[in-house]
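Every chain is numbered from 1 and lettered A, B, ... according to where its sequence line falls, protein lines coming before strand lines. From a predicted model like this one, the values you see are computed outputs, not experimental measurements.
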Amino acid sequence: MSGETATRTKSGGATIIGYRSVVKRFGNFVALDGVSLEVHAGEVVCLIGPSGSGKSTLLRCTNGLEALDGGDIAFEGASLPREERALRAVRRRMGMVFQSFELFPHLTARENVAEGPRTVLRESRAESDRRADALLDKVGLADKAGNYPSALSGGQQQRVAIARALAMEPDVMLFDEPTSALDPETIGEVLNVMKKLADEGMTMVVVTHEMTFARRVGDWIAVFDAGRIVEQGPPAQIFDAPTTERTRDFLSHLGWQG
Amino acid sequence: MIFDWSVVWQHRDALVAGTATTILLTVATMAIAVPCGIAVAILRMYGVAPVRAAATAYVELFRNLPLILVVFWAFYVLPILTGLGLSPLATGLAALVLNVTAYNAETFRAGINSIRRGQVEAAMALGMSRAQALRRVVVPQAVRRILPVLASTWVSLFKDTSLVSVIAVSELSYAAMQVRAQTFRVLEMLTAMAAIYWLLGYPQAKLTDWIQRRYAVSE
Amino acid sequence: MDLDFSVITDHARFLASGVGVTLLLAAVSGVTSLAAGLVVALLRLYGPPWLRPIIVLYIDSMRAIPVLVVLIWTFFALPILTGLTMPPFFAALIGLTVHLAAYAAEIVRAGIESIRPGQTRAAAALGMSRAQAVRRIILPQAIVRTLPAFGSLLSVTIKDTAIASVIAVPELMRQSETIAGQSFQPIEVYTFAMLLYFLMLFPVTRGVDRFYRRVAHLGRS
């Protein structure tokens with residue numbers, strides 16, 4: 001780990017997630033090789049880097065979808081539990097948005113958003129439907145509440161997916177390349193929803209290739225390469241004055257003009 | 001209640017002969033039904049309208065009839081239709097062939113149709129004739145899709161040969177039932193019958209699985 | 001060839017009762033084999049590991065042994081083994097269920113395994129337990145995806161009821177044999193039976209296909 005500077009604007013808030021020397025292996029392949037990072041309340045932390053560098057793996061370790069092989073992840077002060085039941089309770093306080101949306105195709109948009117509160121939080125149907133409608137309105141899809149995913153565009157599906165995650169009232173939102181599978185025209189509508197969330201003070205960890213978004217909305221950027229963070233810092237540093245060769249290479253590969 | 005399992009060994013000759021007939025029926029049926037299936041599929045896809053309709057009607061008819069009924073029907077109708085005195089074995093074979101040809105025709109048609117048209121277009125864009133495109137691009141891919149289904153049809157056929165026992169063809173089921181009638185050793189003979197089918201059929205089922213895995217197609 | 005179809009009308013009610021038994025046997029064994037197949041598939045996928053090889057052995061055995069043999073063994077041999085009397089319909093029901101449940105289990109398993117792991121992850125991310133995820137997210141999609149295969153299995157079920165004629169179940173095939181034997185007019189009788197079976201079977205696969213086309217999007221994730 002290298003390249004950390006002192007100008008962290010929102011470090012005053014509580015540490016929501018603390019990654020300490022996280023290690024994850026898949027057979028012989030080391031996906032995460034000692035990753036340390038802190039995510040503070042209200043921060044938008046963006047993870048950038050080449051494909052296969054471990055960003056998505058770190059996200060999946062965060063809510064226990066993958067188990068760690070070494071190191072520790074602390075959520076709101078407590079280490080992630082290993083026991084399934086306790087882990088489920090933790091997952092309810094985190095929201096996750098997937099690259100492939102993963103909406104449930106046999107449920108309408110409203111039912112998708114209401115599914116978490118209904119099944120997991122055991123809310124009544126009326127209550128969860130009301131919550132769903134409010135959230136769909138928030139992401140701009142109030143008129144699509146009765147539609148099935150097959151009738152929605154990619155961008156619309158992803159916005160429903162965001163609403164579905166928000167329905168659980170999480171303390172942190174995890175985004176795993178939310179716009180990578182979208183047509184260019186629809187990327188904007190999803191990023192706008194994410195920016196709105198950020199402005200409202202949601203703590204967010206975002207794996208993304210959208211550098212403009214990371215530059216403008218991110219509070220802290222971590223650059224990954226081969227399972228390690230090679231540089232982390234505020235957007236101004238990473239994008240305008242990177243301190244490491246790897247970061248400069250990566251950005252130039254993307255054609256980043258600054 | 002005493003069981004006498006030696007009965008099975010004593011009558012092994014009859015059982016072996018029955019098994020041989022079962023295998024013979026399976027092989028002979030497939031040997032005829034595969035080329036016939038290809039022919040019907042081609043007629044169905046590329047024939048003139050009345051031929052296409054007739055081929056489709058044939059396929060739909062035999063896929064929607066119980067085989068045991070076809071066996072009975074063949075037994076009574078074929079001699080009259082063909083004027084020949086057919087042995088039960090030949091009649092049974094005819095019924096099986098009619099049935100399996102229909103399934104094979106559908107398999108071949110679906111296999112060929114499943115190759116995206118873009119493949120043929122790409123081949124012809126390279127300068128191949130349509131015949132070359134079919135031969136070098138469509139058929140090899142279609143074979144990959146068709147082979148697993150044929151293997152599965154084979155295993156079903158192997159089991160279906162048991163149905164010709166109802167017209168006294170001496171395949172395995174009939175042979176076992178005869179011994180049972182002679183010796184009154186019901187449990188022993190019926191269990192032996194099931195066991196022999198299991199011994200023959202289990203490896204075939206596993207082989208089919210292997211073929212499915214090997215030729216699995218992912219788009 | 002002189003055909004006299006009055007033999008059909010003379011015995012219309014007898015043959016109709018056969019159709020009734022065919023449909024009843026098919027319906028009941030359809031339901032029981034589906035239920036049993038579902039249980040077997042879920043046990044195989046989510047149950048204790050030691051149970052898995054036993055289930056696989058059962059399923060593969062049913063792929064190897066003909067229905068005729070299963071029915072005959074159930075009707076003639078099982079009573080000897082257990083000392084129970086076995087009415088033909090009941091024996092046919094048991095035999096068909098045991099045989100078809102293996103196929104149903106394979107269909108369910110294939111359906112469940114065809115669902116993207118992302119769906120399970122999304123359900124887990126919401127905090128669902130595995131039971132909740134299977135019940136509310138996986139199974140509904142699997143049911144939609146397996147409709148064509150189950151339509152096919154229903155067709156097979158109806159055809160297999162005809163084999164129950166061998167153990168004296170008074171379904172359509174058996175009734176036809178009786179009339180054909182009595183009247184010495186097998187051609188007319190069996191031709192009519194073919195017509196009846198075709199009318200029963202043809203709509204099944206067509207109907208399932210059409211229904212599936214309308215609901216297929218509910219299973220596409």
Exercise. Is C:Arg63 salt-bridged to B:Asp209, cutoff N-O under 4.0 Å?
Worked result: yes
Problem set entry | Proximity breakdown for B:Ser162 and chain C, heavy-atom pairs closer than 4.5 Å | both
Problem set entry | Atom CZ of B:Phe184 with >12 non-hydrogen neighbours under 6.0 angstrom | no
For this session: Go through B:Asp160, B:Val186, B:Leu69 and name the one with the most non-hydrogen pairs under 4.5 angstrom from chain C.
Result: B:Leu69
Exercise. How far does CZ of B:Phe72 sit from CD of C:Glu177, to the nearest 0.5 angstrom?
Worked result: 3.5 Å
Exercise. Could you name the residues of residues 28-66 of chain B that have a heavy atom within less than 4.5 Å of a heavy atom in chain C?
Worked result: B:Glu60, B:Leu61, B:Arg63, B:Asn64, B:Leu65, B:Pro66
Exercise. For the residue pair C:Ser61 and B:Trp198, what are the closest heavy atoms and their distance?
Worked result: OG-NE1, 2.7 Å
For this session: Counting only heavy atoms closer than 4.5 Å, note whether C:Met62 contacts chain B via side chain, backbone, both or neither.
Result: backbone
For this session: Work out which heavy atom in C:Thr191 is nearest to a heavy atom in B:Trp73; give both atom names and the distance.
Result: OG1-NE1, 3.2 Å
Problem set entry | Heavy atoms from other residues, nucleotides or ligands near CZ of C:Phe90 exceed 12 (cutoff 6.0 Å) | no
Problem set entry | Pairing residues for B:Ala168 by the side chain to side chain contact (heavy atoms under 4.5 Å, CB included) criterion, not counting sequence neighbours | B:Tyr174
Exercise. Checking C:Met173 against chain B: side chain, backbone, both or neither under 4.5 Å from a heavy atom?
Worked result: side chain
Problem set entry | Residue B:Met177 versus chain C: region with a heavy atom under 4.5 Å | side chain
Exercise. For C:Phe5, does the CZ atom sit with more than 12 other heavy atoms under 6.0 Å from it, leaving out its own atoms?
Worked result: yes
Exercise. Can you tell which of B:Leu163, B:Val70, B:Val155, B:Leu67 has the highest number of heavy-atom pairs within less than 4.5 Å of chain C?
Worked result: B:Leu163
Exercise. Checking heavy atoms, do the side chain of C:Ser176, its backbone, both or neither come under 4.5 Å from chain B?
Worked result: neither
Exercise. Stepwise, does the side chain to side chain contact (heavy atoms under 4.5 Å, CB included) test hold for C:Val166 with B:Ile68?
Worked result: CA-CA 10 Å; C:Val166 170; B:Ile68 191 173; 4.1 Å; yes
Problem set entry | Other residues, nucleotides, ligands: >12 heavy atoms within 6.0 Å of C:Arg220 CZ | no
For this session: Check whether any side-chain heavy atom of C:Phe76 sits under 4.5 Å from a side-chain heavy atom of B:Leu187, and report yes or no.
Result: no
Exercise. To the nearest 0.5 Å, what is the distance between CG (B:Leu199) and CD1 (C:Ile65)?
Worked result: 9.5 Å
Problem set entry | Proximity breakdown for B:Thr191 and chain C, heavy-atom pairs closer than 4.5 Å | both
Exercise. Rounded to the nearest 0.5 Å, how far does CG of C:Leu68 lie from OG of B:Ser165?
Worked result: 5.0 Å
Problem set entry | C:Ser165 versus chain B, the contacting section by heavy-atom distance below 4.5 Å | side chain
For this session: Please examine the side chains of B:Leu172 and C:Val69, heavy atoms only from C-beta on, and report whether any two atoms are closer than 4.5 Å.
Result: no
For this session: Between chain B and each of C:Val204, C:Thr205, C:Ile72, count heavy-atom pairs under 4.5 Å; write down the option with the most.
Result: C:Ile72
